[in-house]
Visitor: 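Next up is a structure, given as structure tokens.
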Amino acid sequence: MKVKVLSRNPDDYVRETKLDIQRVPRNYDPTLHPFEVNREYTRALNATKLERVFAKPFLASLDGHKDGVNCMAKHAKSLSKLLSGSCDGELKVWDLTKHECVRTLQAHEGFVRGIVVRFCGTSFFTAGDDKTIKQWKMESPGYGEEEEPLNTILGKTVFTGLDHHQKDGVFATCGQQVDIWDEQRSSPIRSFTWGVDSFSAVRFNPVEVRHHVSTTLRHTHTHTHTHTHTHTHTLYSFSMFTLAYKVFIVSLPDAFKMDCLIFLCLTSLYTYDMRFLDRPITVHMDHVSAVLDVDYSPTGKEFVSASFDKTIRIFPKDGGRSREVYHTKRMQHVICVKWSADNKFILSGSDEMNIRLWKANAAEKLGVLTPREKVAVNYSQKLKEKFQHHPQIRRIAHHRHLPKSIFHQTKELRVMKEARRRKERNVRKHSRPGAVPVVSEKEKHVVTVVK
Amino acid sequence: MAKFSKKKVNRRKVEASGEGPEQVVRDPGEQHEGLNEADGHVSEEQEEDEEEEQEDEEEEEDGGGDKDERRRQKLLEAINALGGKRQKKLGERSEAAVLMSEFTINAEGEGERVDLSDLIGTVEKNRAVPAKTRKQLKNLQQSKRTVECPLSKQETERIQRDVSFQKAASEVSRWKGIIRQNQRAEQLVFPLNQEPAGPKPMERVVSGWKAQTPLEQEVFALLTANKQPVHDPILTPTEEASLRAMSLEEAKIRRAELQKARVLQSYYEAKARRERKIKSKKYHKVHNKAKRKEFLKQFDEMVKTDPATALEELDKMQTARMQERMSLKHQNSGKWARSKALLAKYDEDARKAMQQQLEVNKELTQKLVTSLNNEQEEEEEEEEEAGHPELMPDFVNDAERGLDSSNPWMRGKLSEEPTESERCGSLDLTEEALLREFDQRRKLRQVQEADTGPVLSVDDDEGMVEEDEAAAEEEEQLSEFTSLFQEMANSRRDVMAEQAEAAPDTSVQLEEGRRRICTVEDVELLSQEEVAPDEAPVQPQLPPATENMLSAPQKTGKNRKRKRGIELKEVLTTEAKVLRIPLAPTVEDTEESDGKLDQRGLIKEAFAGDDIISDFLRDKRNQEDAGKPKVVDLTLPGWGEWGGGGVKPSRNKRRRFRVKTAPPPPRKDQHLPTVIISEKRNSSISLHQVNSLPFPFESHTQFQSTVRSPMGRTWNTERMVKKITKPKVVTQLGAIIKPMAREELMKDASNNSSVDSLRRKH
């Protein structure tokens, strides 16, 4: 008797533990899976749409200040702590996980112009309109203790910016001049000036900490033929104790230090190579009003800008257009912005006394992802990248709802730009060849370079 | 004092050398004195001056030129003395008391400056100073050029700025390598340079530790004495040496060989075990036969190539045969055989076994010459065997077939083997009938081929398409055609009814088939689509129960008749394109095509309503026509000739103004009758298409290739998918990403240098 029976090796289909995934035999023969491009295109389209569906970047609003938030500082060691200073001289320390204020102190009279946390995270410095620099303990005072600064330095002029060295007890302020201070002394160890201009921001280079103090922003209101305000930016070299260069500028990416960023000049931002300051690498355009603050993502791939036009925009480091715009109905002029140190959140402080917490990637799911979720997210991300040039996908991916005013202003600006371009073209057409040279967008914005 | 006078002498000498230096020396001194007035050092000065005067008096004999000088000095002093303030003798502390000493005593000569001339005097006397320097100094004294004015503050600052900027830029440039590396990296995981989580290996913890206490030191000494590893406690030197003795590649190869050998061995073992376990007699018989055949083949070859060994083999074979013949081993005379013979009357198995033994005996005792071509014989034997009613045929296994005929899987599975066995085993009652039937069928087919003439299509689908193509060619007659079809359908319905009456004794299977075909829609459908001249010879599925077999030929004959009536060929005026193909009249073939028919019948039933194929052909024709060049008549009546009612433009004119457009390039689907390739740009598709080459790509092919390669799990293995979809930047939730440290730079530099050195080595 011959009896034929189906027999299979259980090792081929039985999983070892119940936690394993069921083994699925697969045949990758391409003839069995036709239309791969079409199917992937559909998937990409769906992924793009879903991304838009899930794009809910706004997380929380921290209210409590009694005046506009003028400056913020990240804690050097803790992700959940945030310091903010308002226009009435009040300083608040926030717990971001609980969305609540844990400490309030009256730091200055008038604006708090700058806050910076010392690299060790145990104390922080504030500079204010009352011509003082104060050092405070990070811990809140115990019961019965008075809220008093550890140290107070009386300056001669108003300070407009403040930054601390990454490793040493040295900090820098700016105002009428740029001062470098030692923490132990009550007078600056070094002062820089260049002409009579005043400076509005100062930054230590986070990477080349030992040598470059800063790139500083200063305002020179030079009226050129187009009435554009020229903002000059100066690079100082710490080691040489001299001013090094004066062009337009500033805020430095953490991870990639060679590029430095420049903002203002009406609405655009400029990225410069620190070594060649006579011409920007990239011009970032999208804001319709002045840019007030910029912060780099800790990965150095992107940066966020806060603008007077009541929006926050996220730009890729080397892209001319923003990839994201955040706004809410109630958010007024955004004065300061920070990118959290774990690259996941963005914090913005605005005129109407609120600090807002946003997701850096609007559609990202927060929290722990299961492996399968991770795989799916990665795959859809790659699909979106792969098909990003297809018109329908691009249209959906790029579409953002904008407040009416901004929408119309953008349109207006576009029309103006187009008109200018047209006129220039016509002039060129009707003049001697070579008489009206073509000036690239990057070169257009640099008025002069002073050495 | 002596020292002082010396100085004076020197000074005089300098004075003598020229006018200019005198001024240079004197004037500052005077100024100085002037300055000192306010400081209240005057008293000392005066004393000094008095001394000087004395000296001067002493030196008066030397030269009278100094007299005027002295007078001038005195005069100056007198003038100075006039002021009331001068009365103050002691110096007081004030803001700018640079020159005042702590005890209101002025250091000697403090107020004076040391001038070049003071130094040069000594230089000239000193022999250690080379002559060249002396000469240079002299030249310097004599030269009247003024020193260049220092640069303005702005200019110096600018230079300094420039220098510092250059320095800063060069320092920044050192990061270039790292930045490029990071930009090119396939994946960046932030925070960079993370320490791996979890416990560290012991070696790393221990490496920084040193033995301090005496006990520890002792242990260390012991360890080192025995050459035990201290810092990296994994391998002792001997172990390392042994490791080094065998290279990795060698070891790998050896291991692979061993593995292979082991695998082969186990494989053969398993095979042998398997074969041994098989109980089937038939299998063993076949197996042995195959072996024998193989052996014979080998033997034949051996005869050709190596006759000597072949002879030996032959001898061996012969001796074996002789032994067999002499012994009574396979005859029914053994103990076992006798016992079996007793049982054989009642037990079938025993009978079978005996039979087999006899077979073997027969085989062995045959003469050698015949045994060489025993294949045919054996076949005959087999047939005989099969013919033997007592022996079990091999298809007993297939007995379930009849029982489980409702199970299509069972039927499908067994359909191959049993037919064969049926064919060869001509034992059943039905067998002869079957054979007859096949013959009949063959004949029928031939006949049919003759009378249906050329209308034999290869494949059902193609046949249909072609037929319908022919139909489509006559588009004008289409309406006529459909009306005709209606008639046909009606008439056939009548025929069917007749047939149903005529053949009431058809089998179940047949009835099924009939019922299926007899629905009105089906008839219509068939009339349109099914040409099926080739289906006439095709048999309906062989029923598993053999009782149905007999009725099959009749049924097919009827089918054929019926279908003949539907043929398009008779309806259409033109002849269809025809393909002739010889038919292979095999049983399997009929079965297969029968299955197809069944499926197609089903499909037809499902899509009974729509006339897809003719629609398709009409569409195609329309598209082809639309693409054809058209003649455009641009004639305007009345121009150049008379116009008006009833007057037509002349033929000449019409010919002149008829414009024929150039023919379009040949269509892509020209030779594809079943395909329409649209060559128009479809606006609904273009909405989704990329119309310009995106930025990073350099050519269309590059872009297309990136789009074409799929990334999903449907097309790629799991590992590949993981690799492809790796995100470029990975960050950790809740981990602070710090800026790069300068140590990074050092590491990079060292890496680079090591890489460079490696390159140099190679």
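Sequence lines set the chain letters: A, B, ... in the order given, protein chains first and strands last, and positions in each chain run from 1.
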Visitor: Taking the side chain as everything from C-beta on, heavy atoms only, tell me whether B:Ser280 gets closer than 4.5 Å to A:Lys2.
Guide: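 Counting from C-beta outward, B:Ser280 and A:Lys2 never come under 4.5 Å.
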Visitor: Which one, A:Glu36, A:Gln388, A:Lys77, leads in non-hydrogen pairs under 4.5 Å with chain B?
Guide: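 Looking at each of A:Glu36, A:Gln388, A:Lys77 in turn, A:Glu36 comes out on top.
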Visitor: Just wondering, are more than 12 heavy atoms of other shown residues or ligands nearer than 6.0 Å to CZ in B:Arg713?
Guide: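 Counting neighbours around CZ of B:Arg713, 12 or fewer heavy atoms of other residues, nucleotides or ligands fall under 6.0 Å, so no.
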Visitor: Could you give the distance from CD (A:Gln166) to NZ (B:Lys738), rounded to the nearest 0.5 Å?
Guide: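 If we round to the nearest 0.5 Å, A:Gln166:CD and B:Lys738:NZ are 9.5 Å apart.
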Visitor: Just how far is it from atom NE2 of B:His688 to atom CD of A:Gln392, taken to the nearest 0.5 Å?
Guide: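 Answer for the NE2-CD pair, B:His688 versus A:Gln392, is 5.0 Å.
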Visitor: Which pair of non-hydrogen atoms, one from B:Trp715 and one from A:His33, has the smallest distance, and what is that distance?
Guide: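 Heavy atoms only, the tightest pair is NE1-O, 3.0 Å.
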Visitor: Measuring heavy-atom distances to chain A, does B:Glu718 have an atom under 4.5 Å in its side chain, in its backbone, in both, or in neither?
Guide: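 Looking at B:Glu718, just its backbone touches chain A.
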Visitor: Is the count of non-hydrogen atoms from other residues, nucleotides or ligands lying under 6.0 Å from B:Gln187 atom CD greater than 12?
Guide: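 Yes, enclosed.
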Visitor: For a 4.5 angstrom cut-off between non-hydrogen side-chain atoms, does A:His390 reach B:Gln689?
Guide: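 No. Closest side-chain heavy atoms not under 4.5 Å.
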Visitor: Test B:Lys726 against A:Asn378 for side chain to side chain contact (heavy atoms under 4.5 Å, CB included), laying out the working first.
Guide: CA-CA 7 Å; B:Lys726 215 160 69 167; A:Asn378 290 347; over 6 Å; no
Visitor: Can you tell me how far CD of A:Glu385 sits from NZ of B:Lys728, rounded to the nearest 0.5 angstrom?
Guide: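 Atom-to-atom, B:Lys728:NZ and A:Glu385:CD are 9.0 Å apart.
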Visitor: So which of A:Leu383, A:Leu45, A:Asp342, A:Val375 has the biggest tally of heavy-atom pairs under 4.5 Å with chain B?
Guide: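 Of A:Leu383, A:Leu45, A:Asp342, A:Val375, A:Asp342 has the most heavy-atom pairs under 4.5 Å with chain B.
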Visitor: What part of A:Ile393 is in contact with chain B, defined as an atom under 4.5 angstrom from a non-hydrogen atom: side chain, backbone, both or neither?
Guide: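 When you check distances to chain B, no heavy atom of A:Ile393 falls under 4.5 Å.
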Visitor: Measure the shortest side-chain to side-chain distance between A:Tyr28 and B:Asn716 over non-hydrogen atoms and say whether it is less than 4.5 angstrom.
Guide: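 Side-chain contact under 4.5 Å: no.
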Visitor: Atom OG of B:Ser709 and atom NZ of A:Lys386: how far apart are they, to the nearest 0.5 Å?
Guide: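 That separation rounds to 5.0 Å.
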Visitor: Measure distances from A:Arg43 to the heavy atoms of chain B and classify the residue's part below 4.5 Å as side chain, backbone, both or neither.
Guide: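 For A:Arg43, the contact with chain B is made by the side chain alone.
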Visitor: Chain B heavy atoms under 4.5 Å from A:Arg395: which part of the residue, side chain, backbone, both or neither?
Guide: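 It is neither, since no heavy atom gets under 4.5 Å.
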Visitor: Pick from B:Thr717, B:Thr706, B:Ile278, B:Val721: which one has the most heavy-atom pairs with chain A under 4.5 Å?
Guide: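 Result: the option with the highest number of such pairs is B:Thr717.
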Visitor: Are there more than 12 heavy atoms of other residues, nucleotides or ligands under 6.0 Å from atom CG of A:Leu32?
Guide: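 Enclosed: over 12 neighbouring heavy atoms sit under 6.0 Å from CG of A:Leu32.
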Visitor: A side-chain contact here means heavy atoms from C-beta on lying under 4.5 Å apart; do B:Leu188 and A:Lys301 qualify?
Guide: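 In contact.
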Visitor: Quick one: does A:Thr299's side chain get under 4.5 Å of B:Thr731's, heavy atoms only?
Guide: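 Of all side-chain heavy-atom pairs linking B:Thr731 with A:Thr299, at least one is under 4.5 Å.
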Visitor: Just checking B:Lys723: does its NZ atom have more than 12 heavy atoms from other residues, nucleotides or ligands closer to it than 6.0 angstrom?
Guide: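 No, not enclosed.
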Visitor: State, yes or no, whether a side-chain contact exists between A:Arg39 and B:Thr714 at a heavy-atom distance under 4.5 Å.
Guide: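 In short, these two side chains touch, coming nearer than 4.5 Å.
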Visitor: Would you compute the distance between atom CG of B:Leu733 and atom CG of A:Leu79 and round it to the nearest 0.5 angstrom?
Guide: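 Taking CG in B:Leu733 and CG in A:Leu79, the distance rounds to 8.5 Å.
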Visitor: When rounded to the nearest 0.5 angstrom, what distance separates CG in A:Asn343 from CD1 in B:Ile736?
Guide: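 Those atoms lie 13.0 Å apart.
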Visitor: Show your working on side chain to side chain contact (heavy atoms under 4.5 Å, CB included) between A:His389 and B:Phe703 and close with a plain yes or no.
Guide: CA-CA 10 Å; A:His389 305 293; B:Phe703 177 62; 4.1 Å; yes
Visitor: Check whether A:Ser380 gets within reach of chain B through its side chain, its backbone, both or neither, counting any heavy atom under 4.5 Å.
Guide: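 Neither the backbone nor the side chain of A:Ser380 comes within 4.5 Å of chain B.
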